[in-house]
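In this text, all values refer to a predicted model and were calculated from it rather than measured experimentally. Each chain gets a letter, A, B and so on, in the order its sequence line appears, and its residues count up from 1.
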Number of protein chains: 2
Amino acid sequence: MNDRTVISFENIKIACSGCNLVTLCLPMGLDPDDVEQLNKIIKRSRPLHRGDHLFMESDRFNYLYVVKTGSVKTYAPNEDGGEQVLGFHLPGELIGLDAIEEGRHHCSAKVLETSAVCEIPFSQFVELSSTIPSLQHQMYRLLSREISHDEEMLALLGKKNAEERLADFLLSLSQRFKSRGFSPFDFYLSMSRHEIGNYLGLAVETISRLFTRFQDEGLLKVERKHIQLVNIEGLHVILRREQREENRRQIT
Amino acid sequence: MNDRTVISFENIKIACSGCNLVTLCLPMGLDPDDVEQLNKIIKRSRPLHRGDHLFMESDRFNYLYVVKTGSVKTYAPNEDGGEQVLGFHLPGELIGLDAIEEGRHHCSAKVLETSAVCEIPFSQFVELSSTIPSLQHQMYRLLSREISHDEEMLALLGKKNAEERLADFLLSLSQRFKSRGFSPFDFYLSMSRHEIGNYLGLAVETISRLFTRFQDEGLLKVERKHIQLVNIEGLHVILRREQREENRRQIT
DNA sequence: AGTGAGGGTTGATCCAGATCAAGCTAGTTT
DNA sequence: AAACTAGCTTGATCTGGATCAACCCTCACT
């Protein structure tokens with residue numbers, strides 16, 4: 001992960017059964033035969049480049065996408081050219097789940113760095129899942145996970161202050177890198193300060209100041225996009241300490 | 001809807017096929033035979049009273065719930081006794097979807113007024129849905145809708161100011177009452193100012209001041225829990241006008 | 001009718017984080 | 001290597017909404 005420009009193009013086209021994401025992704029917990037059936041309907045894209053869109057808001061919904069390598073951001077554009085960043089998606093994460101109900105995308109998805117994705121034709125998927133109960137159940141679980149995650153973000157935006165938000169964000173990234181076999185201490189951000197701020201409901205300047213402060217406090221080292229978490233426990237303490245203060249002040 | 005204390009207890013036990021929520025709820029779009037199968041596994045509760053819990057955070061997940069009459073709030077309690085209100089649920093809305101993945105509830109659900117709910121044993125539901133493709137698809141849609149809704153809330157908490165949030169909240173309630181056959185102009189709030197503020201990421205005092213201001217501006221009449229929307233278009237303008245201003249200022 | 005408690009309202013003050021304004025840096029283009 | 005550009009940082013100032021502090025209803029219970 002130290003040299004993030006090295007991307008293994010050989011395994012982009014690899015089948016689900018041989019994909020190292022099999023424990024995170026849709027095939028999780030499926031029988032090999034079922035994985036193979038799923039594998040057959042999945043299309044694997046050529047590598048996409050920074051700025052490419054998987055889909056745009058209001059596009060017709062035909063595919064679910066899974067990040068295979070790289071990272072993708074989803075965002076809801078609003079009339080005036082502004083946007084709300086809804087999420088940053090790492091390998092193994094499904095994109096487009098909010099489009100199922102209306103058959104039309106509610107957000108746009110833009111590639112943050114050279115990335116590969118798997119495309120799952122949704123109508124074929126629905127057919128297949130009606131014949132494979134464990135696939136259906138796995139899909140329920142993934143949809144449910146997305147709901148849980150969004151609800152955690154609601155609590156973050158509704159209640160946490162700026163430093164808690166950034167600490168939470170960094171710890172979440174760290175955790176997700178870890179479960180994908182990358183270093184949880186040393187990674188590169190594929191998104192800009194601006195995008196982080198937008199995602200966390202904060203101004204760019206606030207993000208910048210917080211990075212500086214966290215570095216001064218010895219919590220991390222930051223050099224542009226390169227982040228090294230020096231004191232992960234310290235970041236956890238930020239979340240917990242503020243909770244104890246709230247305790248005293250009796251805030252809801 | 002003007003006298004909200006009148007609740008028809010006769011039809012609480014009514015089957016799905018005769019329930020007036022059939023167009024909003026799980027059975028939407030199902031064949032009558034399939035509705036009947038679904039109906040068989042659903043339990044209908046005795047009326048619940050203000051303050052009763054459907055479930056508490058970290059309870060094992062066994063049932064999905066649908067509000068039949070009345071209203072329910074879901075909230076994520078945090079260690080210190082504070083909470084984040086996640087949603088207010090009206091008849092026909094499913095509760096507990098965030099618990100599917102881990103088999104454990106991530107939030108608590110508390111009844112806001114005398115209410116009736118349907119309980120759907122999830123394991124039986126999963127079995128049934130694997131034999132009824134249209135039920136499975138409907139479940140995907142409802143999960144997807146929940147994700148869309150949460151994402152809209154993320155945009156609200158991330159970008160909108162206090163008056164936009166309250167206007168949005170009132171318009172959403174109005175819309176939901178309307179699609180349930182109640183007046184979209186004249187309704188009672190079943191939640192406190194405190195709960196509204198918590199939900200919208202604002203202080204109680206701010207909610208109170210905004211109600212007063214909206215009333216002074218002739219947008220609505222408010223008398224404790226009783227709300228009459230006098231100028232719905234005016235509320236829409238609040239959302240749009242602020243967007244135009246942002247336009248000028250070039251905010252993201 | 002009196003008392004108490006849990007909302008709700010209103011006013012005064014405060015502050016975290018936004019906004020405004022420069023300047024800086026690393027890449028890219030010419 | 002000069003000129004541009006986009007992204008980032010830093011400082012100064014401003015402000016929307018939080019917080020603090022009374023006070024006021026309404027209703028439930030004696």
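- Note: NZ (B/K159) to P (C/dT19) measures 10 Å, nearest angstrom.
- Within the nucleic acid shown, B/G201 comes within 4.0 Å of sugar-phosphate atoms alone, with no base atom in reach, counting heavy atoms only.
- The two atoms that bring A/R224 and A/R193 nearest to each other are O-NH2, 2.9 Å, heavy atoms only.
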Using atom types as modelled, flag every donor-acceptor pair under 3.5 Å from a side chain in residues 145-154 of chain A to any protein atom, sequence neighbours excluded.
residue, atom, partner, partner atom, Å
A/R145, NE, B/E101, OE2, 3.0
A/R145, NH2, B/E101, OE2, 3.3
A/S148, OG, A/S144, O, 3.4
A/S148, OG, B/D98, O, 3.0
A/S148, OG, B/H106, ND1, 3.0

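- Rounded to an integer number of Å, the gap from A/N198 CG to D/dG7 P is 13 Å.
- Using bins of under 30°, 30° to 60° and over 60° for the plane-to-plane angle, the ring pair A/F61/A/H105 lands in the perpendicular bin.
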Please table the atom pairs, donor to acceptor, closer than 3.5 Å between any side-chain atom in residues 202-220 of chain B and protein atoms at least two apart or in another chain.
residue, atom, partner, partner atom, Å
B/T212, OG1, B/S208, O, 3.0
B/R213, NH2, B/E163, OE1, 2.2
B/Q215, OE1, B/V222, N, 2.9

Can you give one letter per nucleotide of nucleotides 8-14 of chain D, 5' to 3': B if a protein heavy atom sits under 4.0 Å from the base, S if only from the sugar-phosphate, - if neither? SBBBB--
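- With rounding to whole Å, B/N161 atom CG is found 15 Å from C/dT19 atom C1'.
- Rounded to an integer number of Å, the gap from CG of B/D216 to P of C/dT9 is 12 Å.
- Atom-to-atom, CG of A/L200 to C1' of C/dA18 comes out at 15 Å; the value is rounded to the nearest Å.
- Annotation for B/F187 and B/L170: closest pair CZ-O, 4.3 Å, computed over non-hydrogen atoms.
- Following rounding to the nearest Å, A/E164 (CD) and C/dG17 (P) show an atom-to-atom distance of 9 Å.
- Under 3.5 Å, the side chains of B/K73 and B/Y199 contain no donor-acceptor pair of N or O atoms.
- Across its full length, the helix from C/dA1-D/dT30 to C/dT30-D/dA1 shows an angle of 40° between the axes of its 5 terminal pairs at either end, rounded to 10 degrees.
- B/E119 is linked by a salt bridge (Lys or Arg N to Asp or Glu O under 4.0 Å) to nothing, counting only residues two or more places apart in sequence or in another chain.
- Between the CG atom of B/L112 and the P atom of C/dG7 there is a distance of 12 Å, rounded to whole Å.
- One interatomic measurement links the two molecules: CZ of B/R165 to P of D/dG16, which rounds to 14 Å at whole-angstrom precision.
- Within the 4.5 Å cutoff, side-chain heavy atoms of B/L239 are placed close to those of B/K160.
- In terms of the side chain to side chain donor-acceptor pair (under 3.5 Å) criterion, residue partners of B/H53 (sequence neighbours excluded) are, by chain and number, B/Y75.
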